[in-house]
Amino acid sequence: MNADVFTDIMVASRTKSKCDQIAADIKNVKVKTAQVNADNVDELVALFNDFKPELVVNLALPYQDLSIMDACLAYGVSYLDTANYEPLDEAKYEYSWQWAYKDRFEKAGLTAILGCGFDPGVTGVYTAYAAKHHFDEIQYLDIVDCNAGDHHKAFATNFNPEINIREITQRGKYYEDGEWKDTDPLSVHKPLNYPNVGPRESYLMYHEELESLTKNFPTIKRARFWMTFGQEYLTHLRVIQNIGMSRIDPIMYNGQEIVPIQFLKAVLPNPGDLGENYTGETSIGCRIRGIKDGKEQTYYVYNNCSHEAAYKETGAQGVSYTTGVPAMIGAKLFMQGVWKKPGVWNVEEFDPDPFMKELNEQGLPWHEMFNVDLEL
């Protein structure tokens with residue numbers, strides 16, 4: 001859709017045949033493909049030298065963030081990703097590792113845009129837009145993520161199973177009165193009403209954008225993240241944990257070292273193949289309370305995305321669509337020089353207006369509600 005901006009694209013991964021499938025689908029832009037190991041800085045630099053990109057878009061796993069950033073610095077190219085770094089041997093994600101690159105990117109005159117998916121990504125842009133246009137002071141932020149879709153599988157995750165299960169089985173965490181407070185995994189929950197969906201049980205969990213948003217909007221008194229899960233999903237998850245299949249440490253099996261959660265990933269449905277029979281929609285947004293002109297105001301900004309419409313347009317389900325389109329928008333704004341400044345930045349540190357405009361034009365229209373009951 002944006003061939004005027006993206007004239008030459010290289011799709012690279014460990015498995016070149018997957019890249020070739022994508023390239024075969026795209027008719028109006030030159031798409032090259034390559035095999036590369038994103039953990040290997042030298043391989044990445046060699047690929048960059050061959051293709052000479054203006055921007056590297058990292059859609060690999062969070063484990064690869066630092067090696068790709070190192071390669072970008074070694075070659076001299078700007079960087080964008082959708083999720084923050086996470087070490088392979090510990091289910092812990094925070095921005096400190098990537099924020100530590102700020103000076104090096106600044107000195108090199110390169111831009112690094114962090115967390116440019118939907119959440120993180122659009123949720124940060126929504127917050128920045130609310131702060132710019134609707135609040136003098138944001139005090140309470142609740143990010144709400146509902147997937148009301150049905151993929152008609154007994155159990156499947158909507159994105160990489162390994163990352164998904166690691167994320168939701170760790171302890172919950174939220175920000176309140178200047179400190180972080182822990183909760184047992186998925187122990188805090190309540191029903192919330194989602195537009196066009198209705199009530200869904202929503203569970204408090206930690207999500208990375210809370211770290212950057214509380215830093216960049218210091219007036220926030222409390223920030224939380226909520227995600228919906230069905231009972232069947234939670235039952236499967238509990239069994240997976242109880243039988244040790246969510247372990248991330250290696251075990252010996254038949255004289256070979258395997259990681260249980262990586263084996264589980266291999267037998268679960270591929271998230272990329274869920275789209276064909278997926279019905280229903282996602283509803284993701286920010287519920288914000290704060291002060292405007294001396295008065296308290298509430299604000300709810302959100303997007304609903306149909307799995308069926310996403311599949312019809314791209315062959316992918318709604319969760320992939322809501323992550324991929326914002327990454328494209330961030331890349332587009334970088335290429336146009338709108339979101340371009342040396343250093344390492346989270347999306348809310350850029351002007352939100354051009355991004356919000358693009359969301360409406362690129363398939364993720366947003367809606368606003370003022371002074372409604374936020375239920376939180």
Side-chain angles (χ1 to χ4, degrees), residues 6 8-20 22-23 30-117 120-121 159-160 162-163 166-167 208 211-212 248-250 257 259 261-262 265 323-324 327-328 330-331 334-335 339-347:
F6 304 106
D8 295 82
I9 297 171
M10 162 70 77
V11 184
S13 186
R14 283 177 304 187
T15 311
K16 185 172 179 292
S17 58
K18 290 182 180 177
C19 305
D20 293 337
I22 294 167
K30 281 187 286 183
V31 182
K32 291 183 177 178
T33 63
Q35 192 277 330
V36 73
N37 175 3
D39 291 312
N40 188 312
V41 174
D42 291 339
E43 272 190 42
L44 288 166
V45 172
L47 180 66
F48 299 166
N49 271 312
D50 179 53
F51 184 65
K52 300 185 171 39
E54 286 180 51
L55 178 69
V56 170
V57 178
N58 167 16
L59 301 172
L61 294 178
Y63 317 136
Q64 275 92 40
D65 287 6
L66 302 188
S67 58
I68 297 173
M69 290 178 82
D70 285 336
C72 286
L73 285 169
Y75 171 76
V77 62
S78 290
Y79 168 92
L80 179 147
D81 68 26
T82 62
N84 71 358
Y85 175 69
E86 184 175 334
L88 188 59
D89 57 356
E90 187 184 6
K92 176 186 181 182
Y93 45 94
E94 58 184 55
Y95 277 116
S96 59
W97 289 290
Q98 290 180 276
W99 285 343
Y101 281 68
K102 191 173 182 71
D103 287 349
R104 278 177 283 171
F105 269 81
E106 209 170 297
K107 281 174 188 155
L110 300 172
T111 302
I113 301 170
L114 305 185
C116 197
F159 56 94
N160 183 284
E162 186 181 346
I163 301 299
R166 282 168 64 121
E167 181 180 282
E208 61 220 68
E211 182 185 10
S212 68
I248 63 174
D249 55 315
E257 212 176 61
V259 176
I261 197 170
Q262 291 177 0
K265 172 189 168 186
T323 307
M328 181 282 297
F334 170 83
M335 298 296 280
W339 275 21
K340 194 173 188 178
K341 54 182 177 179
V344 174
W345 310 97
N346 293 89
V347 293

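Note that the structure is predicted; figures quoted are calculated from it, not measured.
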Evaluate the side-chain contact (heavy atoms from CB on, under 4.5 Å) criterion for residues V344 and L114: first the C-alpha distance (whole Å), next the side-chain angles of each, then the deciding distance (0.1 Å), finally the verdict. CA-CA 7 Å; V344 174; L114 305 185; 3.5 Å; yes

Decide side-chain contact (heavy atoms from CB on, under 4.5 Å) for R104 and D70; before the verdict, give the C-alpha distance in whole Å, the side-chain angles of both, and the deciding distance to 0.1 Å. CA-CA 10 Å; R104 278 177 283 171; D70 285 336; 4.3 Å; yes

Would K107 and D103 satisfy salt bridge (charged side-chain N to carboxylate O under 4.0 Å, His left out), going step by step from the backbone distance to the final call? CA-CA 6 Å; K107 281 174 188 155; D103 287 349; 5.1 Å; no

May I have the step-by-step check of side-chain contact (heavy atoms from CB on, under 4.5 Å) for L110 and M69, ending in yes or no? CA-CA 11 Å; L110 300 172; M69 290 178 82; over 6 Å; no

Could you go step by step and tell me if V347 and I113 meet the side-chain contact (heavy atoms from CB on, under 4.5 Å) rule? CA-CA 6 Å; V347 293; I113 301 170; 4.0 Å; yes

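Partners of D8 under the side chain to side chain contact (heavy atoms under 4.5 Å, CB included) rule, at least two apart in sequence or in another chain, are K30, F51. With sequence neighbours excluded, the residues that form a ring-ring contact (aromatic ring centres under 6.0 Å, His included) with Y95 are W99.
At distances below 3.5 Å, not a single donor-acceptor pair connects side-chain atoms of E211 with backbone N or O atoms of E94. When atom types are taken as modelled, the side chain of N49 and the backbone of V45 share a donor-acceptor pair closer than 3.5 angstrom. A donor-acceptor contact shorter than 3.5 Å is absent between the side chain of K32 and the backbone of M10.
For the atom pair NZ (K16) and OG1 (T33), the distance works out to 3.0 Å, reported to the nearest 0.5 Å.
With hydrogens and angles left out, the side-chain atoms of Q64 and D39 include a donor and acceptor closer than 3.5 Å.
Inter-residue side-chain proximity for Y93 and R166 is flagged as unmet; no heavy-atom pair is nearer than 4.5 Å. The side-chain heavy atoms of L61 and I163, taken from C-beta on, include a pair separated by under 4.5 Å. The closest side-chain heavy-atom distance from W97 to N84 is not below 4.5 Å. Considering only heavy atoms from C-beta on, K265 stays 4.5 Å or farther from V259 through its side chain.
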Report all side-chain donor-acceptor pairs from residues 71-82 shorter than 3.5 Å, counting only partners two or more places apart or in another chain.
from: S78; atom 1: OG; to: T111; atom 2: N; distance (Å): 2.9
from: S78; atom 1: OG; to: T111; atom 2: O; distance (Å): 3.4
from: Y79; atom 1: OH; to: N58; atom 2: ND2; distance (Å): 2.9
from: Y79; atom 1: OH; to: D81; atom 2: OD2; distance (Å): 2.7
from: D81; atom 1: OD1; to: G115; atom 2: N; distance (Å): 2.8
from: D81; atom 1: OD2; to: Q98; atom 2: NE2; distance (Å): 2.8

